[in-house]
Amino acid sequence: MIRGADIVVKSLIAENAEYIFGYPGGAIMPVYDALYDYSDQIKHVLTRHEQGAIHAAQGYARVSGKVGVVLATSGPGATNLITGLADAQIDSTPLVCITGQVAAHLLGTDAFQETDVVGLSMPGTKWNIQVRSVEEIAPAIAKAFHIAMTGRPGPVLVDITKNAQIEFGEFNYVPCLGIRSYRPYVRIDQKAIDAAATLINTAKKPYVLYGQGVVLASAEDQLKAFLDKTGIPAASTLLGSGALPQDHPSYVGKLGMHGNYAPNLLTNQCDVLIAVGMRFDDRVTGDLKRYAKQAKVIHLELDPSEIDKNVKCTVAVQGDCKVSLEMLTEAVLTNSHHDWMQKFRNLENEEKEAVIANDLHGTHGGLHMGEVIHLINKFKEEDAILVTDVGQHQMIAWRYFDYKKTRTQVTSGGLGTMGFALPAALGAQLYDYKKQVICVVGDGGIQMTIQEFGTIMQTKAPVKIVLLNNNYLGMVRQWQQLFFDKRYSFTELENPDFIKIAEAYRIKAKKVTERDDLEASVAEMILHQGAYFLEVVVEKEDNVFPMIATGCSVEEVRLS
């Protein structure tokens with residue numbers, strides 16, 4: 001017979017959890033007391049804020065493919081997880097969050113730090129539960145891990161009352177292998193495969209859009225084999241980046257509001273659109289009333305709720321895209337689409353002349369954000385991981401980072417959470433201290449979770465942090481410039497001395513203001529053995545193009 005708190009920890013160990021990201025407090029204190037005896041079997045990372053803990057767990061989960069584990073107390077500790085839960089839910093990140101709760105007999109009395117976290121978190125979780133007795137702990141945690149990781153991954157929350165943590169019970173952990181009525185995978189319909197293959201084989205201008213579903217299904221090789229056989233142009237969503245090497249012959253660029261010119265423009269010229277593991281987010285489609293109306297649409301998707309949700313498809317292939325891509329590759333004919341591909345390459349050259357040349361090789365005026373990313377590519381390793389916050393720097397880093405390996409892109413996609421990057425980079429780095437983790441942030445977002453410098457200091461994680469500082473909330477300012485007559489309403493920032501802050505946390509730091517100093521500084525940062533903070537002062541009114549304005553069609557993508 002052991003305490004419920006020990007059952008919590010032993011259950012996590014039974015699920016092979018490597019790290020717990022958390023912050024202690026009264027209602028979860030018994031679990032923290034139990035952790036004291038298991039430090040040789042599971043590592044705890046003390047972040048400086050619960051939001052930092054859950055973003056760190058997201059970063060860990062995204063690069064490892066494992067479940068991220070979070071521990072927090074009741075009341076404000078639990079509510080501080082809500083943003084991260086919503087972020088993980090929309091970006092399909094597997095998490096198990098365990099929160100403490102007041103004792104069962106106090107529920108509903110407005111006891112100190114009592115909050116209905118189950119009710120609050122319900123829309124932002126794949127599943128949640130409140131545990132009120134010791135007997136329920138192990139089965140709830142087993143079920144949580146199963147749900148978080150199977151099918152379309154997502155966050156789950158287990159709220160455990162304090163009495164359950166201190167009661168004694170038997171520990172008999174049984175992993176969850178299935179749940180009645182929960183069927184995360186379905187048998188793929190061969191008729192749908194045949195119908196899709198017929199459309200593809202007769203298409204003159206087929207086009208593949210792939211998303212993070214390819215990564216989550218570990219279907220990178222299957223995607224490559226399909227493209228090798230068919231020769232179809234393929235473009236990536238934000239979270240799909242890295243699923244296909246960017247030097248692959250079929251790769252034509254990135255989709256979305258600040259993606260590449262050709263992939264957006266030619267969406268409305270293809271005759272068959274093949275969507276693989278992506279959900280037709282509004283940032284990809286623009287105005288749905290004018291999106292790919294000329295095309296037959298094939299959608300390979302695991303989650304049935306995403307099929308026909310935004311874009312009506314001609315053929316729906318529901319199921320694991322690793323399997324469906326294999327079946328489809330077997331069914332299609334070997335082909336090439338040279339003339340169609342050449343259209344992408346011609347438009348790619350237009351974008352290079354109009355936008356990319358200046359972004360990457362600016363020769364006059366202040367430093368451009370793209371120059372920094374271009375130099376990072378020069379010194380980084382092939383499997384370096386890029387972690388970005390949200391804003392202009394995010395789009396520039398995504399556009400110009402050279403993705404060669406899968407699971408090297410970590411960002412807040414669907415929710416767009418400022419403050420995500422610093423703790424997420426920490427979590428990514430803790431998974432593998434030997435990998436290069438490059439965290440690109442803006443001067444707005446970094447100040448939302450800047451306290452996690454303390455966690456980087458304490459864990460000695462060798463994260464490389466690049467601050468692209470334009471003294472503005474840059475993305476909002478760009479919209480104010482283009483659509484609000486340059487009325488810069490509350491977007492200019494008066495910033496602190498970031499170098500002094502980084503150095504106060506014993507992180508080596510340097511500031512660059514001149515182009516002549518940039519390359520040597522980037523090289524120094526990459527080669528440095530520990531954490532490094534590089535602040536680069538960039539043009540205050542630099543904009544990100546191409547751009548599709550809200551409400552516009554993908555064919556209205558603009559280069560300036």
Any idea which heavy atoms bring [X] and [Y] closest together, and the distance?
| X | Y | answer |
| --- | --- | --- |
| Thr388 | Ala397 | CG2-CB, 3.7 Å |
| Ala428 | Val387 | CB-CG2, 4.5 Å |
| Gly319 | Val186 | CA-CG2, 4.1 Å |
| Arg279 | Asn310 | O-ND2, 3.3 Å |
| Gln130 | Val118 | CB-CG2, 3.9 Å |
| Asp87 | Leu415 | N-CD2, 3.5 Å |

Do [X] side-chain atoms and [Y] backbone N/O form a donor-acceptor pair below 3.5 Å?
| X | Y | answer |
| --- | --- | --- |
| Tyr173 | Ile7 | no |
| Asp91 | Gly413 | yes |
| Lys126 | Leu95 | no |
| Gln222 | Met327 | no |

Checklist entry - Between OG1 of Thr329 and CD1 of Ile193, what distance do you get to the nearest 0.5 Å? => result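 Thr329 atom OG1 to Ile193 atom CD1 measures 9.0 Å (nearest 0.5 Å).
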Item to check | Euclidean distance, Ser92 OG relative to Arg152 CZ, rounded to 0.5 Å | outcome: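 Between atom CZ of Arg152 and atom OG of Ser92 there are 3.5 Å.
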Checklist entry - Does atom OH of Tyr185 have more than 12 heavy-atom neighbours, drawn from other residues, nucleotides or ligands, at distances under 6.0 Å? => result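 Check passes, neighbour count above 12.
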Next on the checklist: For Asn172, I'd like to know if atom CG has over 12 heavy atoms of other residues, nucleotides or ligands within 6.0 Å.
Outcome noted: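 Not buried by this count: 12 neighbours or fewer within 6.0 Å.
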Checklist entry - Is there side-chain contact between Glu50 and His55, with heavy atoms separated by less than 4.5 Å? => result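 No, their side chains stay 4.5 Å or more apart.
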Item to check | Minimum side-chain heavy-atom gap Asn80-His49 below 4.5 Å | outcome: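 Touching, per the 4.5 Å side-chain cut-off.
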Item to check | Audit row: Phe21, His44, ring pair (Phe, Tyr, Trp, His ring centres under 6.0 Å) steps and yes/no | outcome: CA-CA 6 Å; Phe21 300 91; His44 180 274; 8.4 Å; no
Next on the checklist: Can you confirm whether the side chains of Gln51 and Thr449 place a donor and an acceptor under 3.5 Å from each other?
Outcome noted: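 Absent: no donor and acceptor within the cut-off.
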Item to check | Stepwise side chain to side chain donor-acceptor pair (under 3.5 Å) check, Ser133 with Glu136 | outcome: CA-CA 6 Å; Ser133 66; Glu136 301 172 55; 2.7 Å; yes
Item to check | Trace of the side chain to side chain contact (heavy atoms under 4.5 Å, CB included) decision for Leu177 with His146 | outcome: CA-CA 7 Å; Leu177 302 177; His146 178 70; 5.7 Å; no
